[in-house]
Number of protein chains: 2
Amino acid sequence: MPENRPSSVSAELIAVLVAVTAGAPRVLTIAQGTSLPSGPLSPEHRSLQAGTRSWVERQTHHPLGYVEQLYTFADNDRNAALGGFGRAISISYLALTREQPKTLEGGASWRDWYDYFPWEDHREGADLPAPLPGALRAWAQAGANTAERRARKQRAAIAFGLEGRRWNEELVLQRYELLYEAGLVAEAARDGIACHTTPAPRLGQPMRQDHRRILATGIARLRAKITYRPVVFELMPPNFTLLDLQRSVEALAGQLLHKQNFRRLVEQQELVEETGQIAEATGGRPAKLFRFRADILQERAYAGTKPPLARA
Amino acid sequence: MPENRPSSVSAELIAVLVAVTAGAPRVLTIAQGTSLPSGPLSPEHRSLQAGTRSWVERQTHHPLGYVEQLYTFADNDRNAALGGFGRAISISYLALTREQPKTLEGGASWRDWYDYFPWEDHREGADLPAPLPGALRAWAQAGANTAERRARKQRAAIAFGLEGRRWNEELVLQRYELLYEAGLVAEAARDGIACHTTPAPRLGQPMRQDHRRILATGIARLRAKITYRPVVFELMPPNFTLLDLQRSVEALAGQLLHKQNFRRLVEQQELVEETGQIAEATGGRPAKLFRFRADILQERAYAGTKPPLARA
DNA sequence: CTCATTTATGCTCAAATTGAGCATTACTGG
DNA sequence: CCAGTAATGCTCAATTTGAGCATAAATGAG
C-alpha cells in the first residue's frame, strides 16, 4: 500500500513577505495589490526554502532575514487550467525583511496589511468595523436550526471577542474563514457563497484566488511567533529606540502595549543593548538608541524562551 | 516574473500517526519499524489532509481524531530514482488516534517512539544515554577553530540542557539534527557524515530516508501543542482517571509532572468532568473516572487558551 | 523666560500563576 | 492490624503579570 509511485503534480511557491515601515505592517504584493508574489519551483533550487529565498531576493533586490514555511495546499479547482497536468500544489512561506527604498519590479508594491484585514487593527479603539457586529448576528441567526444558531453565535463570540470575551489577536485565520463562510468578504461572493445582510458588506480589500487566506495564515503565524521567539529584529533597522520597537510589535499585533511593561520585558530578556547614541528628538525627551545583541539573538532564535516580546 | 507555469513534480503524503498505550507513546510504522507509512497523493483526494486521512484510515481501520500538517520538503536526492520525473515533494502530517487492538496490515506495527529517540525520555532520571555527554564534547572539540568550537559547545548545551541549563522538551528536532551533524545517528553514517568518537555511537533505532527527522518534527510539534491546545483527549479512552491522563501527558513530554499541580491545572481548565464511576483499584485508593467535556473541548480546540495540560 | 506638552524612564503594588511539599483518606494484601 | 500504594485536599513562597504614579528632559508657544 505505501511505496506507491507518487502522482505527478505541479508546484508553486507563494511568499508572504513582511516588513514594518513607520509603524505600519506591510506585505509585498503584485498585480496592484491583488496577489501575493509567487514563483515556480524550479529544478535548480536546492530546497523549497532556498527556492523561495532566491526568487524573492531576485525580485526585491535585498536579502530575506527570516524564512519559514507556512502551509501547503492542493487546489483541485485549478486542475482544468493546467491541461491535465494533475493538480497544483502551492507551498507558502512567511518571510521577514526590512522595507528598502529600492524600486520594485513590475506591479509589485508594499501594502499595509490592514487594508486587507481592517478588523484586525485594534490599535485605536477595540471596536469592530461598523457592519460587523450586525452582520455576525445575522449570520448566526441564519443557522438552519437552534443548535447551528447557537454554535455559530459561540464561534463568532470566540473569534471576535464578543459577549465579554477578550480579543485573541492570533485568531486571524479563524476570523477570515468565518467571514468567508458568512459571505462577508468579496472572495466569498466570487465563489458563490450567500450573505444574510443587505447590502452585503465586503470587508477589506480582496485578493485573487486564496491569497488573502494565505496572508491571514502568515499574519497569524507571525503574531504567534513574536510572543515566543525574537523575530521582530528582522524587521527593525540596526538602531532604534524602545518606542520604535514597541510600535513595530504593536503594528504586528494590532494592539497597544503598556509602555513600561514592554520596556521591562525587553530589558529582562536582555535582547538589546544601548548604542550610546541618542535619537534626534521627535516629540519629547530624547530617547536612547538600542541595537539587538547578536549573541543572545542567536541563542534565542535556536531555542526560544519566555515571551521575548510582550502580550497586550 | 511570477505567474510562471509551475514545474512538474511528484507528491507523496507521509504520516506520523501517534497513539498512547499503557503510558507508552507509540507511532505507526511499516517495514519492520524502519519507515513511516506513506501514500501517494491521488487525484480523487479532495485535499491533502483528506488524502492523508483516507488512506491512513483505510490502512489502520479506524478513524483519525486529529490531523495537522507538519512540513513539506523536496528531496533533491531522489530525483534519479524517479526517472526524470522531476523532484519528489513529501508532505508530512501529524495524526492522533487511539491504538486499536485490530490487526494491522502487512508489516505495519506500533512502536514506542523512544526506541528511535532514547535520549528524549527523561521520565526516570534526567541522565542522557551513556555515550552522549562525551560524544557531544568530542564533537564540540572537533570544531575547526575557536569560534566554531564555542558555537558548537553552546549549541549542544542549549539543545541538551547542559551546563546548568534546563532541558527543553520541545527541542526534539534540534537535538536530532545536532546528532546527525555530529555523526551520532546511523543515518549520518549512511549519508557519509563523519563522527569524532570511536567507536562511533549509533544512538536510537534508525529509519529509512529522513523518516526519523520527520518523526522528530512530529514529536516536537505534539509536545508543543499539548501545552496550549487540548489534543491529548484524542489519545485517551472515553473514561480515564486523572493519573491515566497524567501518564499520557508524561509519555508525550518525556518528563514527570507534579501530581497535585497537574490535577489543579486540569480542574481549573474545566476540561474534564466526573463520570460518577470509580476505577477498579490498581494499587491504592480507587480513583474517580473522568471524561472530557465536549463543549469546552470544542471551544478550546478552536481558540486555545492558557496551558491546557501542564509543564514540567 | 516660563509653561504646557510630549516622550523617556524609574519604581511600586496588588493580583494571578507556578513550583514544591505536607497531611489525610481509602483501598489492597499479608 | 499493619504496611504499601494511590487519591485528594490544602498551604506557602517565589515569580510573573497588569496597571499606574512620579519624575526627568526635551520642544514650542506666549
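By convention in this document, chain letters (A, B, ...) are assigned in the order of the sequence lines, proteins followed by strands, and residues within each chain are numbered from 1. Please read these numbers as outputs of a predicted model, since none were measured by experiment.
- Using a 4.0 Å heavy-atom criterion, one finds that A:K259 contacts the bases of the nucleic acid, with or without backbone contacts as well.
- Note: CD (B:Q260) to P (C:dT25) measures 16 Å, nearest angstrom.
- The distance from atom CG of A:L256 to atom C1' of D:dA19 is 15 Å, rounded to the nearest whole Å.
- Among the nucleotides D:dA26, C:dA26, C:dG10, the one closest to the side chain of A:P286 is D:dA26.
- Between B:R223 and B:V172 there is a side-chain heavy-atom pair separated by less than 4.5 Å.
- Following rounding to the nearest Å, B:L257 (CG) and C:dT18 (P) show an atom-to-atom distance of 14 Å.
- In this structure, the CZ atom of A:R263 is 18 Å from the P atom of D:dG18, given to the nearest Å.
- Here the CZ atom belonging to A:R26 is positioned 5.0 Å from the OG1 atom belonging to A:T21, to the nearest 0.5 angstrom.
- Judged by atom type and distance alone, B:R264 does not reach the base of D:dG9 through any side-chain donor-acceptor pair under 3.5 Å.
- Regarding A:L242, its CG atom lies at a distance of 16 Å from the C1' atom of D:dA24, rounded to whole Å.
- What separates CD1 of A:I278 from P of C:dT9 is a distance of 7 Å, to the nearest Å.
- Under the 30°/60° scheme for interplanar angles, the aromatic rings of A:F240 and A:F292 are found to be tilted.
- Under 3.5 Å, the side chain of B:R285 and the base of C:dT25 form at least one donor-acceptor pair of N or O atoms.
- The nearest whole Å value for the distance from the CG atom in A:L289 to the P atom in C:dA8 is 11 Å.
- Atom CG of B:N261 is separated from atom P of D:dG9 by 15 Å (rounded to the nearest Å).
- Residue-environment remark: CZ (B:R150) stays at or below the threshold of 12 foreign heavy atoms within 6.0 Å.
- Using a 4.0 Å heavy-atom distance criterion, B:L243 is classed as a sugar-phosphate-only contact.
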